[in-house]
Number of protein chains: 2
Amino acid sequence: MKAVEELRYLVLALQREGNRLLAASLRPLGLTPAQAEVVGILATRPPLSLNGIGELLVCESGTSPSRIVDRLVSAGLVRREGTPADRRQVLLSLTDQGRALAERVAEVEDGLHQALLKNLIGDRPIDGTVELLRELASGFPAGQAIQRRKGGAAN
Amino acid sequence: MKAVEELRYLVLALQREGNRLLAASLRPLGLTPAQAEVVGILATRPPLSLNGIGELLVCESGTSPSRIVDRLVSAGLVRREGTPADRRQVLLSLTDQGRALAERVAEVEDGLHQALLKNLIGDRPIDGTVELLRELASGFPAGQAIQRRKGGAAN
DNA sequence: GCGACATGGATGTCGTGTCATATAGTGACG
DNA sequence: CGTCACTATATGACACGACATCCATGTCGC
């Protein structure tokens with residue numbers, strides 16, 4: 001198997017397993033990983049439009065995340081309000097309930113990250129790998145979303 | 001953003017973008033990436049049971065891939081036959097049409113891997129990253145599937 | 001032999017992800 | 001002022017991916 005092919009499959013495998021772990025951790029909160037990502041984005045930012053969220057989302061890189069937001073709205077976690085200036089746009093922000101849940105989401109994610117660090121990564125150095133993957137991703141929308149998020153706010 | 005979190009998002013981002021590229025390359029053949037993975041597995045192996053395929057699949061790591069195989073059967077690419085010894089089991093193998101398509105799949109994947117190497121990776125060294133990711137994945141079913149595939153046959 | 005348990009697979013359900021298309025609102029240019 | 005391209009969002013369609021459940025079959029103990 002060529003190195004590029006193995007890398008592709010490794011990335012696929014780790015994404016799948018990571019997502020399964022995260023989904024399991026989030027299940028008690030009633031959120032999926034994608035929903036948690038939206039909640040996390042809104043938690044530390046002023047009201048955003050759908051496209052604004054889309055530019056910060058790693059999942060769902062291209063299209064605007066109307067359907068994920070739909071669920072969050074009907075779950076009472078996100079408020080969706082029109083803007084008078086541009087009536088096409090909607091502005092999304094967390095409700096009080098959403099803000100409360102966002103804190104628990106942050107705790108859960110923190111716990112998972114610490115557990116991964118302790119049980120999986122151990123004392124292996126990962127900086128080189130992170131740096132390489134960052135460069136590989138930097139040309140794609142999803143990679144740029146990560147950079148924007150690091151630059152923007154806490155999450 | 002903590003390193004582990006960034007790693008998780010980078011893996012997610014690269015998986016998404018890689019999948020989109022692969023899906024686009026495979027679209028002319030009428031196959032999705034998941035379907036192409038099954039076809040590639042069957043191309044170089046004796047007839048396998050559903051669980052046998054499942055152990056080699058990186059996507060769909062846990063459950064048996066009945067539905068993906070369903071599609072391939074109704075597309076005329078895979079033959080599904082019962083075994084007399086254990087009547088619960090089915091044995092899956094490529095039809096002639098499937099075998100022909102498998103060659104084109106291999107060409108497409110090869111082309112993509114070469115393009116990725118040329119345009120994305122360039123002369124960056126990736127062995128260290130591959131090695132680290134391999135170790136991280138080695139405890140999970142999906143990671144073990146990759147190892148099994150490398151040991152088993154060409155693909 | 002038979003009954004408990006295990007195994008292989010099929011299927012229902014839910015939530016994405018992706019693409020294509022539709023709809024409404026905006027702005028610019030003549 | 002009309003129209004025409006563009007933008008923000010919504011929606012339909014399709015295939016996954018994960019989980020749970022169900023059914024048929026096989027196995028093992030007694």
Side-chain angles (χ1 to χ4, degrees), chain A residues 12-13 15-27 29-38 47-55 57-75 80-92 140-142 145, chain B residues 12-13 15-27 30-38 47-55 57-75 78 80-92 140-142 145:
Chain A
L12 174 57
Q15 190 273 326
R16 288 277 192 275
E17 302 291 358
N19 211 54
R20 272 157 42 88
L21 289 176
L22 182 56
S25 304
L26 289 170
R27 194 155 311 133
L29 304 188
L31 286 182
T32 66
Q35 292 165 359
E37 197 182 352
V38 173
L48 289 173
S49 70
L50 268 180
N51 279 351
I53 295 180
E55 282 172 10
L57 270 183
V58 181
C59 69
E60 197 118 354
S61 66
T63 67
S64 61
S66 14
R67 267 178 283 230
I68 294 185
V69 169
D70 272 353
R71 286 178 204 285
L72 295 174
V73 169
S74 45
R80 168 196 251 145
E81 33 196 354
T83 54
D86 185 341
R87 277 164 48 211
R88 292 168 301 181
Q89 238 183 2
V90 292
L91 279 187
L92 303 152
F140 297 103
Chain B
L12 174 57
Q15 189 273 325
R16 288 277 192 276
E17 302 291 358
N19 212 52
R20 272 157 43 88
L21 289 177
L22 182 56
S25 304
L26 288 170
R27 194 156 310 134
L31 287 181
T32 66
Q35 293 165 0
E37 197 182 352
V38 173
L48 289 172
S49 72
L50 267 178
N51 279 350
I53 294 180
E55 283 172 10
L57 270 182
V58 181
C59 69
E60 197 115 354
S61 66
T63 67
S64 60
S66 12
R67 267 176 285 227
I68 294 185
V69 169
D70 273 354
R71 287 178 205 284
L72 295 174
V73 169
S74 44
V78 166
R80 170 196 250 147
E81 33 194 354
T83 55
D86 186 340
R87 277 164 47 209
R88 291 169 302 182
Q89 241 182 2
V90 292
L91 280 188
L92 303 152
F140 296 103

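Reckoned from all heavy atoms, side chains included, excluding hydrogens, waters and symmetry mates. Reminder, nothing fancy here: chain letters follow the sequence lines and each chain counts from 1.
A pairwise comparison of heavy atoms in A:Leu31 and A:Leu26 identifies O-CB, 3.3 Å as the closest pair. Between A:Ser49 and A:Leu91, the closest heavy-atom pair is N-CD2, 3.7 Å. Minimum interatomic distance between A:Ala34 and A:Cys59 (heavy atoms only, all atoms of both residues): CB-SG, 3.9 Å. The two atoms that bring A:Pro65 and A:Leu50 nearest to each other are CD-O, 3.5 Å, heavy atoms only.
Using a 4.5 Å heavy-atom threshold, the side chains of B:Arg80 and B:Leu72 count as separate. Considering only heavy atoms from C-beta on, B:Arg67 stays 4.5 Å or farther from B:Glu60 through its side chain. Contact annotation: the side chain of B:Val78 never approaches that of B:Arg71 to less than 4.5 Å [non-hydrogen atoms, C-beta and beyond]. Counting heavy atoms from C-beta outward, B:Gln35 and B:Val38 have side chains that stay 4.5 Å or more apart.
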Could you list all N or O pairs between the protein and nucleotides 26-29 of chain D that sit under 3.5 Å apart?
from, atom 1, to, atom 2, distance (Å)
D:dG26, OP1, B:Arg87, N, 2.7

Please tabulate the protein-to-nucleotide N/O contacts below 3.5 Å involving nucleotides 1-3 of chain D, giving atom names and distances.
none

Restricting both atoms to N or O, compile the protein contacts to nucleotides 12-16 of chain D shorter than 3.5 Å, with distance only.
from, atom 1, to, atom 2, distance (Å)
D:dG12, N7, A:Arg67, NH1, 3.0
D:dG12, O6, A:Arg67, NH2, 2.4
D:dA13, N6, A:Arg67, NH2, 3.4
D:dA15, OP2, B:Arg71, NH1, 3.2
D:dC16, OP1, B:Thr32, OG1, 2.3
D:dC16, OP2, B:Gln35, NE2, 2.6
D:dC16, OP2, B:Arg71, NE, 3.2

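OP1 or OP2 of C:dT7 has not a single side-chain nitrogen or oxygen of B:Asn51 nearer than 4.0 Å.
Per the geometry, CG belonging to A:Leu26 stands 14 Å off P belonging to C:dG15, to the nearest Å. Taking atom CG of residue A:Asn19 and atom P of nucleotide C:dC14, one finds them 20 Å apart after rounding to whole Å. Across the protein-nucleic acid pair, B:Asp70 atom CG and C:dG9 atom C1' stand 10 Å apart, rounded to whole Å. In this structure, A:Glu55 atom CD and D:dA8 atom P are separated by 9 Å, rounded to whole Å. For B:Arg20 and C:dA20, the CZ to P distance is 11 Å, given to the nearest whole Å. Rounded to an integer number of Å, the gap from CG of B:Leu22 to P of C:dG17 is 18 Å. Residue A:Glu17 contributes atom CD, which lies 15 Å from atom C1' of D:dC19 at whole-angstrom precision. Atom CG of B:Leu57 and atom C1' of D:dG17 are 12 Å apart (whole Å).
Side-chain atoms of B:Glu17 come within 3.5 Å of backbone N or O of A:Ala142 as a donor-acceptor pair.
Annotation: the span from A:Phe140 atom CZ to B:Arg16 atom CZ amounts to 14.0 Å, rounded to 0.5 Å. To the nearest 0.5 angstrom, A:Ile68 atom CD1 is 9.5 Å from A:Ile53 atom CD1.
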### Query
After noting the C-alpha distance and the side-chain angles of B:Val58 and B:Glu37, does the key distance pass the side-chain contact (heavy atoms from CB on, under 4.5 Å) rule?
CA-CA 8 Å; B:Val58 181; B:Glu37 197 182 352; 3.5 Å; yes
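Along DNA chain D, the nucleotide nearest A:Arg27 and the nucleotide nearest A:Leu91 are compared for position; the residue whose nucleotide lies closer to the 5' end is A:Leu91. Residues A:Ala24 and A:Ser64 each lie close to DNA chain D; by heavy-atom proximity, the contact nearer the 5' end of the strand is made by A:Ser64.
If you check C:dG9, D:dA8, D:dA10 against the side chain of A:Gln89, the one that comes closest is D:dA8.
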